[in-house]
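Just so it is clear, the values below take in all heavy atoms, side chains as well, and ignore hydrogens, waters and symmetry mates.
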Amino acid sequence: MSILVTGSDGLVGSSLKKLLGDGHVYHTRKDAELTNKEQTLDYINYHVKHSGVDTIINCAAKVGGVQANMKNNKKFFIDNFVNILSTCIFPDKNITYPLTANQINLGPPHFSNHGYAYAKRLAGYEMNIVKQVLNSNWVSVVPTNVYGPSDNFHLEDGHMIPAMIHRAFLANKNKEKMVVWGDGSPLRQVIYSEDLA
């Protein structure tokens with residue numbers, strides 16, 4: 001058995017690579033651009049035939065933090081079709097914590113990232129249809145906010161935890177107050193990437 005992990009240099013993919021170790025296939029963007037159908041099919045078919053791949057864990061995605069999502073909603077929608085979904089698919093209102101799968105359709109996602117959120121929701125719906133039609137073991141995973149090694153620590157476009165770590169580092173280094181967006185009332189659930197893997 002050989003597993004193909006796409007996006008293996010990203011946040012979740014790199015954690016899976018660390019967990020699984022040698023003997024598997026680890027895709028990066030330089031191997032095949034997954035928004036290109038021909039490259040993707042050629043790459044997968046090659047590794048099924050020559051590397052014994054029988055399982056694919058698709059971790060490739062175009063991702064960013066809240067600000068990146070707000071600036072690039074259209075591109076995030078167009079570029080994302082992945083099996084690992086995101087906590088951002090949940091509605092902005094009418095939910096309770098901890099989040100559960102039966103709350104996904106209780107309303108629209110937050111306006112700030114609706115491009116990314118709807119792409120992820122659609123990927124989940126499509127996965128369910130394919131699973132039923134093919135009677136196969138295709139699944140979608142919906143992790144909460146992920147953080148860890150290989151994360152994006154960009155001050156504006158990074159995810160919440162790494163951006164806050166970066167801000168705290170700079171504030172401490174420059175002997176300044178740390179600026180945090182929001183009023184502190186929103187709730188967030190987080191998971192360390194290696195725990196998710």
Membership question, hydrophobic clusters at under 4.5 Å side-chain separation (ILVMFWY): are [Y] and [X] in the same one?
X	Y	answer
Leu170	Val179	no
Val25	Met1	no
Val180	Met160	yes
Leu134	Ile56	no
Leu16	Ile3	yes

Any side-chain heavy-atom pair from [X] and [Y] closer than 4.5 angstrom?
X	Y	answer
Tyr26	His24	yes
Pro108	Tyr118	yes
Thr6	Ile57	no
Val53	Ile44	no
Met164	Met178	yes
Tyr147	Ser193	no
Val12	Val146	yes
Gln103	Thr96	yes

State, to 0.1 Å, how close [X] and [Y] come at their nearest heavy-atom pair, and which atoms those are.
X	Y	answer
Gly23	Ser2	O-OG, 3.6 Å
Leu85	Ala123	CD2-CB, 4.1 Å
Val130	Ser136	O-OG, 4.1 Å
Gly124	Ser140	CA-OG, 3.7 Å
Ala117	Cys88	CB-O, 3.3 Å

Counting only heavy atoms not in Tyr125, do more than 12 fall under 6.0 Å of its OH? yes
Would you say that more than 12 heavy atoms from the other residues, nucleotides or ligands in this model lie under 6.0 Å from the NZ of Lys18, or not?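 Count not over threshold, so no.
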Can you tell me how far [atom2] of [Y] sits from [atom1] of [X], rounded to the nearest 0.5 angstrom?
X	Y	atom1	atom2	answer
Thr144	Leu99	OG1	CG	6.5 Å
Ser86	Lys120	OG	NZ	6.5 Å
Asp92	Asn113	CG	CG	9.0 Å
His166	Leu155	NE2	CG	4.0 Å
Trp138	Glu126	CH2	CD	8.5 Å
Glu33	Thr28	CD	OG1	10.5 Å

Take Val190 and Ile161 through the side chain to side chain contact (heavy atoms under 4.5 Å, CB included) test and state the conclusion after the steps. CA-CA 9 Å; Val190 296; Ile161 297 289; 4.0 Å; yes
Step-by-step side chain to side chain contact (heavy atoms under 4.5 Å, CB included) determination, Val142 to Ile89: CA-CA 9 Å; Val142 188; Ile89 67 176; 3.9 Å; yes
Looking at the rings of Tyr43 and His27, which for Trp means the six-membered one, are their centres under 6.0 Å apart?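 Close enough - the centres of the two rings lie under 6.0 Å apart.
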Under 3.5 Å, side chain of [X] to main-chain N/O of [Y], donor-acceptor pair present?
X	Y	result
Asp151	Phe153	no
Asp42	Gln39	no
Asn45	Leu41	yes
Asp157	Gly64	no
Asn174	Glu176	no

Checking Ile104 against Arg121 for the side chain to side chain contact (heavy atoms under 4.5 Å, CB included) test, could you report, in this order, the C-alpha distance in whole Å, the side-chain angles of both residues, the deciding distance, and whether it holds? CA-CA 8 Å; Ile104 291 172; Arg121 272 195 195 180; 4.1 Å; yes
Please determine whether side chain to side chain contact (heavy atoms under 4.5 Å, CB included) holds for the pair His159 and Val63, giving the CA-CA distance in whole Å, both sets of side-chain angles, and the decisive distance to 0.1 Å. CA-CA 9 Å; His159 294 117; Val63 299; 4.1 Å; yes
